[in-house]
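Input: a single structure, listed below in structure tokens.
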Amino acid sequence: MNAKGTVHKYGDHVDTDVIIPARYLATQDPKELASHCMEDIDSAFPSKVRDGDIMVAGANFGCGSSREHAPIAIKASGVSCVIAASFARIFYRNAINIGLAILECPAASAAIQNGDTVSVDFNTGTITDETSGQTFEAEPFPPFIRDMIEKGGLMASLKARKE
Amino acid sequence: MGMTMTQKILAKHAGLPEVRAGQLIQSKLDLVLGNDITTPVAINEFEAAGFQRVFDKSKIALVMDHFVPNKDIKAATQCQQCRNFARRFDIDHYYDVGTMGIEHALLPEQGLVAPGEAVIGADSHTCTYGALGAFSTGVGSTDMGAAMATGETWFKVPSAIKVNLTGKLRPYVSGKDVILTLIGMIGVDGARYQSLEFTGPGVAELSIYDRLTICNMAIEAGAKNGIFPVDRITREYVRGRVERPWNAVEADPDAVYERTVEINLGDVDCTVAYPHLPENAHSAHEGGDIAIDQIVIGSCTNGQLPDLAAAAAVLKGRHLAPGIRGIVIPATPTVWRESIRRGYTDIFMDAGCTVSTPTCGPCLGGYMGILAKGERCVSTTNRNFVGRMGHVESEVYLASPATAAASGVMGHIAHPADLPAINPVGAGLMGSYRLSGQDSREPKDNSGLMDSYHV
């Protein structure tokens with residue numbers, strides 16, 4: 001499991017209200033949610049993001065509301081991985097549950113620049129900034145979460161258990 | 001090694017003699033909550049996974065409160081999906097127009113949460129119920145969907161910050177000011193993944209409503225949960241509301257905390273959190289040059305009866321400054337009716353405010369008070385993020401009901417103590433409104449009525 005793409009970089013405390021504003025929460029359609037993703041702090045994001053791109057941010061990414069629409073919108077935008085210095089806990093849980101890859105890595109968060117090309121090896125937690133040539137080591141997922149992601153998220157793993 | 005209050009509740013629900021911070025556990029749940037925004041996604045997940053039954057129809061609460069009464073066709077469709085699900089599984093605690101209130105005010109009021117219980121809700125402010133000595137935390141819709149089927153969820157056991165409260169609140173100061181002060185001290189990620197465990201002699205000085213407000217905003221410091229010890233005030237609130245047996249849990253004397261934060265309640269002032277983070281705490285005295293356009297008094301944070309009483313005490317005999325829009329939203333039907341019965345609604349309307357039926361509406365920029373470009377609102381809600389209540393160039397200032405009301409009267413951010421006196425009657429109300437014992441925000445004149453509300 002790997003990812004590679006162009007970086008969209010943001011600062012600290014990116015909250016769920018800017019990831020997907022509540023005025024769009026009367027829908028659950030991932031594509032429609034994606035069409036408004038990040039628009040309050042980066043109005044060009046929905047049009048410039050490409051499949052496989054990587055989001056890099058500072059501390060406390062995804063703070064605020066419990067809306068699962070936030071990781072859904074990011075995933076439906078085509079983003080393959082979010083790298084942040086730290087994540088807010090509900091967002092962290094939600095991202096894993098819906099199968100959005102996320103990595104906590106303060107060093108990568110500080111060094112990687114907007115527009116860089118970055119690749120990620122999820123099995124080892126290695127993050128490579130191909131533009132600058134730097135590499136960073138993030139903590140890979142613990143086994144129970146890797147198992148959940150391999151089965152396709154929380155619901156799929158529950159279904160597997162049931163069967 | 002001793003356990004914190006949160007750890008003891010989690011150990012009990014995991015069927016383990018003890019747990020330690022960082023441990024992953026599977027916990028039984030006493031209640032699973034969702035609203036009209038998060039439940040549809042949970043239902044989709046529940047159905048996609050092929051579940052045919054819920055774990056216990058008496059332990060699921062579905063509250064239609066965010067965009068309800070429905071703001072548009074999409075909102076109506078989402079509620080319809082929840083309503084159909086509730087009918088299909090005969091969910092006991094389904095609240096729709098007429099019975100619905102804002103979830104985190106409604107559930108404690110209706111006795112759906114008791115001390116020592118473990119609750120998850122697909123809403124980040126589910127942490128409110130820590131005020132009753134329960135473990136409660138917000139999760140996403142997939143977690144909710146799975147929990148509706150299994151009655152369980154996984155947790156990473158949190159470490160804790162001990163918040164030691166001493167002293168007594170000064171006049172006009174409330175639980176909202178305490179939590180804004182605390183977030184200002186530790187930051188919006190100061191308690192990330194951790195519990196905020198409140199303790200110390202100051203606890204007895206806080207009403208259950210102050211505690212609900214404080215725990216409600218634990219998430220705004222990044223906390224997994226906030227929690228208060230169970231005391232006489234908790235027992236009085238729960239009596240007559242919770243029929244089932246419950247057991248209070250206490251932290252072990254040798255519980256281990258990551259750190260201790262000291263707050264002398266007597267040092268807390270009326271506090272305003274400036275845009276665009278709840279940690280930007282300032283004294284209400286400092287905001288005299290910040291002109292505003294709107295005040296909102298309500299939400300899961302400050303929509304309870306004592307909140308309305310505090311606002312009414314400020315607004316009685318006064319009027320909003322010219323051009324200021326005032327929106328008051330009682331959090332539940334009971335609060336709404338009591339607000340009328342006690343004359344608060346008349347006071348609000350005489351002051352130039354409008355009074356809505358319960359809804360989360362404006363707090364999250366849904367409807368019922370959206371801000372235009374460049375507008376400013378002093379709001380008793382919980383978040384002041386970019387675009388939270390409307391246009392991305394609008395601004396939200398978080399404050400208590402008393403401070404919001406005073407700001408509405410002055411047309412700029414204002415401390416309630418700085419309002420010019422109007423007449424002896426008004427002055428009397430203002431001067432005495434902290435002196436009524438348990439419900440510190442209640443005007444003294446109404447303390448008898450407040451007792452009957454408790455039953």
Side-chain angles (χ1 to χ4, degrees), chain A residues 12-19 21-30 32-33 39-41 43 58-72 85-99 142-145 148 153-163, chain B residues 24 37-38 40-42 44-46 48-51 66-67 71-78 121-126 137-146 149-150 154 156 158 187-189 192-193 219-220 222-224 276-277 279 363-367 370 383 385-388 390 392:
Chain A
D12 291 340
H13 310 304
V14 172
D15 62 76
T16 54
D17 277 275
V18 300
I19 296 171
R23 57 185 177 274
Y24 303 119
L25 294 185
T27 180
Q28 312 144 37
D29 177 35
E32 193 177 339
L33 293 170
E39 70 175 26
D40 281 0
I41 55 167
S43 57
N60 203 26
F61 186 89
C63 62
S65 127
S66 68
R67 64 189 69 158
E68 209 157 287
H69 312 67
I72 290 172
S86 63
F87 290 91
R89 62 160 284 274
I90 303 177
F91 183 91
Y92 188 88
R93 232 184 136 93
N94 287 346
I96 290 166
N97 282 343
I98 66 137
F144 86 99
I145 287 181
M148 203 185 286
L154 175 65
M155 277 302 184
S157 73
L158 277 178
K159 205 173 170 182
R161 197 171 76 185
K162 201 164 54 131
E163 284 156 6
Chain B
L24 290 161
I37 300 293
T38 57
V41 180
N44 293 347
E45 292 291 332
F46 181 96
F51 290 115
H66 275 57
F67 294 164
K71 79 180 182 99
D72 56 25
I73 294 168
K74 285 179 175 176
T77 305
Q78 296 206 133
D123 187 281
S124 59
H125 293 110
T126 302
T137 194
V139 297
S141 296
T142 298
D143 279 320
M144 180 199 170
T150 65
W154 64 269
K156 190 172 178 179
V188 292
D189 58 353
R192 209 168 46 89
Y193 296 128
I219 178 70
E220 309 312 333
K224 182 168 205 147
H276 289 285
L277 287 173
E279 69 186 20
C363 169
L364 74 164
Y367 73 134
I370 303 303
R383 292 196 174 122
F385 299 151
V386 170
R388 173 73 177 179
V392 294

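Below, chain A is the first sequence line, B the second, and so on; all start at residue 1. All values below come from the heavy atoms of this structure, side chains included, with hydrogens, waters and symmetry mates left out.
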Residue among A:Asn94, A:Val18, A:Asn60 with most heavy-atom pairs under 4.5 Å to chain B:
A:Asn60

Under the rule for side chain to side chain donor-acceptor pair (under 3.5 Å), what residues qualify as partners of A:Arg93, not counting sequence neighbours?
B:Asp143, B:Thr153

What part of B:Ala149 gets closer than 4.5 Å to chain A, counting heavy atoms only: side chain, backbone, both or neither?
neither

Is any side-chain N of the basic residue among B:Lys74 and A:Asp29 closer than 4.0 Å to the acidic one's carboxylate O?
no

With no hydrogens and no angle check, just 3.5 Å: does a side-chain donor-acceptor pair link B:Glu45 and B:Ser141?
no

OG1 of B:Thr126 to CD1 of A:Ile90, rounded to nearest 0.5 Å, is 7.5 Å

Go through A:His69, A:Arg89, A:Glu39 and name the one with the most non-hydrogen pairs under 4.5 angstrom from chain B.
A:Arg89

Are a donor atom and an acceptor atom from the side chains of A:Thr16 and B:Arg383 found within less than 3.5 Å of each other?
no

Just say parallel, tilted or perpendicular for the rings of A:Phe87 and A:Phe61, cut-offs at 30° and 60°.
perpendicular

Distance in Å, A:Ser65 OG paired with B:Asp123 CG, rounded so as to fall on 0.5 Å steps:
7.0 Å

Side chain, backbone, both or neither: which part of A:Tyr24 has a non-hydrogen atom closer than 4.5 Å to chain B?
neither

Of B:Thr77, B:Thr38, B:Val188, the largest count of non-hydrogen pairs under 4.5 angstrom with chain A goes to B:Val188

Checking heavy atoms, do the side chain of B:Ile370, its backbone, both or neither come under 4.5 Å from chain A?
neither

Of the listed residues (A:His13, A:Arg23, A:Gln28), which shares the most heavy-atom pairs with chain B below a 4.5 Å separation?
A:Gln28

Does any backbone or side-chain atom of B:Ile219 lie under 4.5 Å from a heavy atom of chain A? Answer side chain, backbone, both or neither.
side chain

Can you tell me which portion of A:Ser86 sits under 4.5 Å from chain B's heavy atoms? Options are side chain, backbone, both or neither.
both

